[in-house]
Amino acid sequence: MSSKPEAPEKGKDFIRQIIDRDMESGKYHGRVHTRFPPEPNGYLHIGHAKSICLNFGLARDYQGKCNLRFDDTNPVKEDVEYVDSIREDVRWLGFGWDNNFYASDYFEKLYFIAELFIKMGKAYVDHQSADEIRENRGTLKEPGKDSPYRGRTVEENLALFRSMRAGELADGACILRGKIDMAAPNVMLRDPALYRIKHADHHRTGGAWCIYPMYDFTHGLSDAIEGVTHSICTLEFENNRPLYDWCVDTLMEGLKQPELFGENAPIYNELAALPGFTDRPRQYEFARLNITGTVLSKRKLIQLVKEGFVNGWDDPRMPTISGFRRRGFTPESIRDFCERIGVAKADSMVEYALLEACLREDLNKRAPRYMGIMDPVKLVIENYPEDREDVFEIALNPEDESYGSRKVPFTRELWIERDDFMEEPPKKFFRLGPDREVRLRGAYYVKCTGYEKDADGKVTLIRATFDPESKGGWLEGGRKVKGTLHWVSARHAIDAEVRNYGSLFTRENPNAVDEGKTFTDYVDPDSLTVLPGCKVEPAMADMAPGANFQFERTGYYCADLRDHKPGQAMVFNRTATLRDTWAKIQKKTD
RNA sequence: UGGGGCGUCGUCAAGUGGUAAGACAUCAGGUUUUGGUCCUGACAUUCGGGGGUUCGAAUCCUCCCGCCCCAGCCA
């Protein structure tokens, strides 16, 4: 039993509070059903991870359900490549869906619902051009004007809509509009488009349709069809909520008039039996995620990929799920991040440092440690015989003994880090310098006896002697040494390429652009640094692609998913640096 | 005087009329065979601002200020 008081439980977010109330009032008969509804028109990013953690997390916490539903109502933008990647990313994050549906599953039902709306006098076919519709929509401050086609009869509208479906009309010839209120202060309600003509193949339904439903018409009805109770989306959809409600309400009203279905009684029965019509879905909105130093809109990410600013959707500099995965972020760290940022309605910009903190906390516990030299310089131990070799057993993870150890060979010639040596070390530098002694991690104390430079003044070789009494890095009761360096036996070293990543953008908020600029003007051309000549210890030879590890004293890395081939090419991505107080001290003294 | 939202520490964020949680960041110390980890301590007398109600207000009322969203046949 702990004498420490329990940490106060963090208050529930506003959505959980709403659900608690709904549970208490029995509103949904104890049911919680959410959905994650991406349009398959791009790869998922970390903003989607927030939504995924929220929606699937709600289902988990309330023993409810969460559907994955592809909002695939615009065939010209969508592709199976994206649906595959989305499914992969959701699974990788550690979530499983109760159902995987598509809005296109409901095209037939939605069509009948549209006809129902027409029969109810709630929708009409408008032959105005797109320009005319825009002009007649009015402005934010002035009401719109009714379309001249607004008064068409039910029969005329029905015939026209059927001819739209039959493919008798060209793209743009007309649209189906909801008949709401052209003077509504909420512009969304000024007779919104419900269906448009698009003679385009759909990635799932092929050429079966040439009219496609709009988002607002589709979304609420799909939720109702699936029995979704809490439909959670981001803030920019707040203005759409009245329209969401209008669609659902109109359907429910229509279902009270079975005679309107006529020969389509089976569809009526099917719709009327759906849980969504007793447990009516409600939409709630939360603030989308923003992170410093990156962009989080699909449109912008598509642009970065298509215009070649990055090497694909999974470029480790991309804020996509696949980018973070390739960069070496773990699903655990991303989930933890999503939990820590919370869910609220205030626009916010989360510091990237929090994501890194989540990653470090996870990997500090779990990542095996190795030694790797990023910028190698030769260290020769002059009193260590050429033919001698020690093999040290060094713990793989000082945080967790169960990880065991790896064998690390030590020989006369070693590689050490160039910046671990200074010809004229300043006060607080406790690494190697002339006549200085340091510990080589897990091996011996060594003392610098000299060094060589080339014509440019670059150090080419460092000489030292070792103390045989300090085997394992200890000198029982003897001299203490402040610095501990990482090293790799030159004879045993494996060559490796290390890729370091900085922020993709030079600005903390690349969305805020100066006059005449665009966000791509702030892409940092030096955000990727390739170190081709790194030396790593032989125990890493079998490292599998995707494996996370720590280079001691340097950072967390992973073997690249695409280019790392054990035995052929060692390619490592730096996920995050270790916290570096030495760097801070240096900065201060500058 | 178009409508809809939102303003609590540098950044997120609890708080729901009873006297400002927590995390990240930052700073100061200790431990340490990673300048890592870990540990300890510091860090909002005040909640966008002004009035008001109340014994008591971040929470209620009121006026003001600031930021975000909406005029796609995108989602």
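Reckoned from all heavy atoms, side chains included, excluding hydrogens, waters and symmetry mates. Letters A, B, ... are given to chains in the order of the sequence lines, protein chains preceding strands, and every chain is numbered from 1.
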Within the pair [X] and [N], is there a side-chain N or O less than 4.0 Å away from OP1 or OP2?
X: A:Arg579; N: B:rU37; result: yes
X: A:Gln17; N: B:rA14; result: no
X: A:Lys198; N: B:rC74; result: yes
X: A:Arg196; N: B:rA75; result: yes

Report which part of the nucleic acid [X] touches: base, sugar-phosphate, or nothing (heavy-atom distance under 4.0 Å, all strands).
X: A:Thr73; value: sugar-phosphate
X: A:Met371; value: nothing
X: A:Asn240; value: base
X: A:Phe429; value: base
X: A:Ala130; value: base
X: A:Glu39; value: sugar-phosphate
X: A:Thr581; value: sugar-phosphate
X: A:Arg431; value: base
X: A:Arg439; value: base
X: A:Arg177; value: nothing
X: A:Pro398; value: base
X: A:Glu142; value: nothing

Considering only the C1' atoms, how many Å lie between B:rU19 and B:rC47, rounded to the nearest integer?
13 Å
Got a donor-acceptor pair under 3.5 Å from the side chain of [X] to the base of [N]?
X: A:Arg340; N: B:rG22; result: no
X: A:Arg441; N: B:rU34; result: no
X: A:Glu552; N: B:rG36; result: no

Please report, rounded to the nearest Å, how far the C1' atom of B:rU37 is from the CZ atom of A:Arg553.
15 Å
Would you call the rings of A:Phe107 and A:Trp209 parallel, tilted or perpendicular, where under 30° means parallel and over 60° means perpendicular?
perpendicular
Walking RNA chain B from its 5' end, the first of A:Glu361 and A:Tyr195 to be reached, judged by nearest nucleotide, is A:Glu361
Residue met sooner reading RNA chain B from 5', once A:Thr139 and A:Asp72 are mapped to nucleotides:
A:Thr139
Side-chain contact test, heavy atoms from C-beta onward, threshold under 4.5 Å: evaluate it for A:Asp245 versus A:Pro242 and give yes or no.
no
Test item: A:Leu363 and A:Phe549 side chains (from C-beta on) under 4.5 Å apart, heavy atoms:
no
Tell me whether the ring of A:Trp582 lies stacked over the B:rG35 base, given a 5.5 Å limit on centroids and a 30° limit on the plane angle.
yes
Quick note, A:Val350 side chain, CB onward, closest among B:rG36, B:rC12, B:rG2 is B:rC12
From the options B:rG72, B:rU37, B:rG35, select the nucleotide whose nearest atom is closest to the side chain of A:Asp580.
B:rG35
